[in-house]
Amino acid sequence: MKLLRIYTDEAAYFGDHKLYAVIATRARDAHLAGATVLRAMVGFGRSSHVHRRHVLENDQSMVIEIVDTEARVRAFVETLTDLPEAGLITLETVEVLS
């Protein structure tokens, strides 16, 4: 099994929808084994901009984790090409215990 991680931020949108919600919905619609969206307390990426919760705005880093077979997650990544704000995408091998 493979673990797909997609790093983005809470302020990223696709149209009128939060990007992380669009990706999670697409994963469900693709019948992937499961997806979880996690909010980071603090994070930064290539730009070194620190994302964190502010009093008046939400600008936290978000991570979407998806577990399924390698073929299915690679095919899913191909469906995300229209989401340029998705950010870093990683893939690693995991052992599913239950």
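As a basis for the values below, the full set of heavy atoms in this structure was taken, side chains included, without hydrogen atoms, waters or symmetry mates.
- Separation of atoms CD1 (Ile6) and OG1 (Thr90) is listed at 9.0 Å; rounding is to 0.5 Å.
- The shortest side-chain heavy-atom distance between Val67 and Val96 falls under the 4.5 Å cut-off.
- Think of Tyr13 as one node in a network of Ile, Leu, Val, Met, Phe, Trp and Tyr side chains linked at under 4.5 Å; it has no links at all.
- For Asp16, there are no salt bridge (charged side-chain N to carboxylate O under 4.0 Å, His left out) partners, not counting sequence neighbours.
- A cation-pi contact, defined as under 6.0 Å to the ring centre and within 45° of the axis, links Arg26 to Phe14.
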The test is side-chain hydrogen bond (donor to acceptor under 3.5 Å, both in side chains); show your working for Lys2 and Thr93 and say whether it passes. CA-CA 5 Å; Lys2 295 290 184 176; Thr93 302; 2.7 Å; yes
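- A salt bridge links Arg39 with Glu10: the closest approach of a Lys/Arg side-chain nitrogen to an acidic carboxylate oxygen falls below 4.0 angstrom.
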Run Arg74 and Glu70 through salt bridge (Lys or Arg N to Asp or Glu O under 4.0 Å) and show every step you take. CA-CA 6 Å; Arg74 285 188 182 277; Glu70 182 171 1; 2.8 Å; yes
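- Interatomic distance, CE of Met62 versus CG of Asp9, reported as 9.0 Å (0.5 Å rounding).
- Here the NZ atom belonging to Lys18 is positioned 13.0 Å from the CD1 atom belonging to Ile23, to the nearest 0.5 angstrom.
- Ile89 pairs with exactly one of Ile64, Leu4, Val73 by the side-chain contact (heavy atoms from CB on, under 4.5 Å) rule, that one being Leu4.
- No side-chain heavy atom of Tyr20 sits less than 4.5 Å from a side-chain heavy atom of Val63.
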